[in-house]
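Chain identifiers are assigned alphabetically (A, B, ...) following the order of the sequence lines, protein sequences preceding nucleic acid strands; residue numbering begins at 1 within each chain. Computed over heavy atoms, backbone and side chain alike; hydrogens, waters and symmetry mates excluded.
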Amino acid sequence: MIKAQRGTKDIFGEEIATWQWIFENAKTVFQNAGFEEIKTPIFEATELFNRGVGDSTDIVNKEMYTFSVGGIEKNETSITLRPENTAGVVRSYIEHNMSRQSPPQKFWYFGPMFRYERPQAGRQRQFHQAGVELFGIKDATADTEVIITAVNFLKSLGLADLTVELNTLGCPKCKNDYKNSIKEILAPHLENLCDDCKMRYEKNPLRILDCKNENCKKIFEKDEIKEVILKDYICDECREHFDELKKYLDELNIKYTINKMLVRGLDYYNRTVFEIKSEALGSQSAVCGGGRYDGLVEMLGGTSTPAVGFAMGVERLYTLVDKITPSKTDFFVVSNNTKEAMKLVQKLRENNKSTEFDLQKRKFAKQLEKASKIAKYAIILGEDEIEKNFYSLKNLSTGEQKKIDSFDELLDY
RNA sequence: GCGGGUAUCGCCAAGUGGUUAAGGCCCCGGAUUGUGGUUCCGGUAUACGUGGGUUCGAGUCCCACUACCCGCCCCA
């Protein structure tokens with residue numbers, strides 16, 4: 001038997017109503033905030049992610065679905081299934097010269113992403129993200145717009161109590177100063193750090209702060225090191241930007257906590273980074289991650305353009321959300337006269353009523369039994385009704401039945 | 001890549017070496033040939049993850065593999 005691939009799953013049946021509901025909420029909330037939907041391809045040139053996501057990241061180093069088609073002799077470019085969607089949207093933004101439109105340019109997306117990882121709770125190899133990207137605005141108004149959109153979306157899903165964790169990484173210069181100080185203070189302790197941290201020390205010292213190894217944590221607790229870690233290397237301009245963002249969020253009554261240790265794993269972030277977490281998720285606790293990436297458009301060959309965005313993990317949202325029970329169909333036509341039943345069903349559907357009937361030509365009682373399971377109303381179309389030209393409408397939750405004289409009257413239910 | 005756990009019909013689930021592998025839900029039919037959701041009766045099904053081994057006999061014991069779940073790393 002051929003089974004779904006490891007880390008992938010079929011979404012159907014009971015789950016589908018909730019999935020559709022999440023999608024509808026995303027669409028409504030994002031569009032109300034002026035974001036336009038963008039659908040970019042599910043595969044892109046590998047090069048895009050190597051440069052866009054960053055080749056020091058785990059995503060690029062060990063998690064990408066990369067392959068080539070058409071054979072090497074044809075000189076096809078190497079292709080990769082998108083592990084995230086910011087790079088793709090930025091590519092599209094550049095390719096279509098969108099920077100020539102008046103800023104801001106605002107996009108939202110909802111779709112599958114692919115990462116080759118060991119599956120566990122809240123993690124799959126094919127998973128879905130809903131996100132937004134906002135281009136062209138340097139001001140903290142843009143960061144605010146993006147964060148408030150994330151919060152509004154969560155609220156629309158009934159997840160109002162999650163708090164936003166905020167941090168600022170500063171501009172490339174602040175980031176570098178910070179990195180160098182961390183490297184400097186940790187240099188004497190390098191021997192005692194875990195292997196992961198040794199690697200991070202070389203590749204991305206900021207990420208050392210994420211380490212959960214007890215031994216490393218102890219080292220970071222030392223006063224002189226803690227001081228360096230917690231010290232601000234943020235320049236005046238970056239600090240102003242961050243202060244402004246916090247001021248706006250305060251004004252809007254958005255709860256947030258500052259988390260100095262929040263650095264995020266993708267290389268392209270600068271200044272604002274944020275995450276929204278839920279304890280209820282277990283160890284994969286982040287439902288939403290995002291931030292500012294002012295350098296990315298230029299790095300991928302466009303004109304220098306400030307940008308900020310976020311991505312939400314839809315599977316993780318799904319586990320948090322109250323599940324939707326699928327709504328019942330409006331009508332079920334019960335009849336032993338298949339031809340007349342079909343005609344009525346067709347007319348109702350043309351008038352935008354969800355309607356079903358028994359395709360198995362079963363006896364009356366069975367049809368009604370089926371109707372009571374899936375429909376709000378049964379329309380009984382028997383010999384009497386057909387002959388005398390009326391409908392018997394039965395409310396299947398109350399059992400009440402009444403005579404309806406015209407088709408138009410049915411449409412009121 | 002590294003640890004831990006689990007695997008019996010579509011779903012839940014008994015079973016701890018001895019006939020034809022319980023039961024519940026779902027589904028189908030009947031009681032009730034034009035009035036459902038309750039009840040009663042009956043029925044369908046390629047179920048012991050895969051491959052080996054021990055044994056007179058294996059769902060049950062042993063080995064290997066696979067898949068899934070959980071944790072680490074990392075991320076949404």
Side-chain angles (χ1 to χ4, degrees), chain A residues 1-9 12-14 53 56-63 82-86 109-131 150 154 194-197 199-200 204 207 210-214 216 262-266 274-278 281-291 309-320 328 332 334-337 358 360 362-375 377-386 392-401:
Chain A
M1 166 138 59
I2 300 173
K3 292 187 183 160
Q5 290 298 289
R6 175 171 221 189
T8 69
K9 89 193 269 274
F12 67 102
E14 285 179 342
V53 178
S56 75
T57 61
D58 275 9
I59 292 181
V60 168
N61 281 320
K62 47 185 205 194
E63 296 173 6
R82 63 184 188 191
E84 57 96 59
N85 207 28
T86 299
Y109 60 83
F110 189 113
M113 308 294 158
F114 306 85
R115 292 182 198 175
Y116 186 80
E117 298 180 89
R118 194 77 179 267
Q120 60 175 276
R123 169 181 299 157
Q124 289 177 251
R125 290 183 173 178
Q126 174 172 342
F127 62 103
H128 296 74
Q129 288 188 333
L154 293 172
C194 69
D195 290 349
D196 285 331
C197 279
M199 202 184 63
R200 293 188 190 110
N204 194 350
R207 296 284 293 290
D210 273 346
C211 192
K212 277 144 198 145
N213 181 298
E214 287 305 319
C216 297
L262 177 63
V263 292
R264 306 207 40 73
L266 286 75
F274 66 97
E275 264 182 25
I276 303 176
K277 293 181 182 170
S278 166
L281 284 172
S283 73
Q284 313 308 325
S285 62
V287 248
C288 174
F310 70 73
M312 302 246 188
V314 181
E315 280 78 1
R316 292 181 190 178
L317 290 173
Y318 181 91
T319 67
L320 293 177
K328 290 190 166 183
F332 193 104
V334 174
S335 178
N336 288 322
N337 187 327
D358 187 48
Q360 296 171 92
R362 289 183 300 183
K363 65 185 190 185
F364 193 86
K366 287 294 168 193
Q367 292 189 26
L368 199 55
E369 189 183 337
K370 175 80 175 172
S372 71
K373 281 177 189 157
I374 68 169
Y377 293 96
I379 297 172
I380 292 154
L381 195 62
E383 280 166 27
D384 243 25
E385 282 85 352
I386 293 168
S392 297
L393 182 76
K394 187 180 177 90
N395 182 325
L396 291 165
S397 52
T398 64
E400 182 195 356
Q401 182 168 326

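- Here, rU35(B) and rG49(B) have their C1' atoms 47 Å apart, quoted to the whole Å.
- Residue Leu396(A) is classed as a base contact, given a heavy-atom separation below 4.0 Å to a base.
- At whole-Å resolution of the value, CD1 in Ile374(A) and P in rC26(B) are 16 Å apart.
- When Watson-Crick and G-U wobble pairs are counted only if both distances are under 3.5 Å, rA31(B) pairs with rU39(B).
- With P as the reference atom, rU16(B) and rA21(B) are 14 Å apart, rounded to whole Å.
- Within the nucleic acid shown, Glu385(A) comes within 4.0 Å of at least one base atom, counting heavy atoms only.
- In this structure, Arg125(A) contributes its side chain and Phe114(A) its backbone to no donor-acceptor pair below 3.5 Å.
- Rounding to whole angstrom units, CD of residue Gln120(A) and P of rG5(B) are separated by 17 Å.
- Looking at which nucleotide of RNA chain B each of Ala311(A) and Asn336(A) is closest to, the 5′-most match is held by Asn336(A).
- One C1' atom belongs to rU8(B), the other to rC48(B), and the distance between them is 4 Å to the nearest Å.
- Side chain of Gln367(A) to main chain of Ser335(A): a donor-acceptor pair is present (N/O by atom type, distance under 3.5 Å, no hydrogens or angles).
- Among the protein residues, Ser392(A) comes within range of no part of the nucleic acid, since none of its heavy atoms lies under 4.0 Å from any strand.
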- Message: Show, in sequence, the C-alpha distance, side-chain angles and deciding distance for Lys328(A) and Leu396(A), and conclude whether the side chain to side chain contact (heavy atoms under 4.5 Å, CB included) test is met.
- Response: CA-CA 11 Å; Lys328(A) 290 190 166 183; Leu396(A) 291 165; over 6 Å; no

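- At a threshold of 4.0 angstrom between heavy atoms, the contacts of Gly122(A) include nucleobase atoms, whether or not backbone atoms are also involved.
- For rG5(B) and rC9(B), the P atoms lie 23 Å apart once the distance is rounded to whole Å.
- The distance between atom CG of Leu368(A) and atom C1' of rU32(B), rounded to the nearest whole Å, is 13 Å.
- Pairing of rC11(B), defined by two Watson-Crick or G-U wobble distances under 3.5 Å, is identified with rG24(B).
- Taking each heavy atom of Ala378(A) and Val334(A) in turn, the nearest pair found is CB-CG2, 4.2 Å.
- Across all strands shown, rG71(B) forms a Watson-Crick or G-U wobble pair, both distances under 3.5 Å, with rC2(B).
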Pick out the pairs of N or O atoms, protein on one side and nucleotides 64-67 of chain B on the other, that lie under 3.5 Å.
none

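- Checking rG1(B), rG30(B), rG36(B) against every side-chain atom of Lys363(A), the shortest atom distance belongs to rG30(B).
- Put simply, the side chain of Glu315(A) gets close to the backbone of His128(A): a donor and an acceptor are under 3.5 Å apart.
- Look at CD on Gln367(A): it is 13 Å from P on rC28(B), rounded to the nearest Å.
- Across all strands, Ala371(A) comes closer than 4.0 Å to no nucleic acid atom at all (heavy-atom distances).
- Looking at heavy-atom distances under 4.0 Å, Glu84(A) makes no contact with the nucleic acid at all.
- Taking only distance into account, the side chain of Gln401(A) meets the base of rU35(B) through a donor-acceptor pair shorter than 3.5 Å.
- Residue Ser397(A) is the one, among Ser397(A) and Glu63(A), whose nearest nucleotide of RNA chain B lies closer to the 5' end (criterion: closest heavy atom).
- At whole-Å resolution of the value, NZ in Lys394(A) and C1' in rU35(B) are 5 Å apart.
- Counted by atom type alone, Glu385(A) and Ser392(A) present one or more donor-acceptor pairs between their side chains at under 3.5 Å.
- Here Gly289(A) lies in heavy-atom contact (under 4.0 Å) with sugar-phosphate atoms only.
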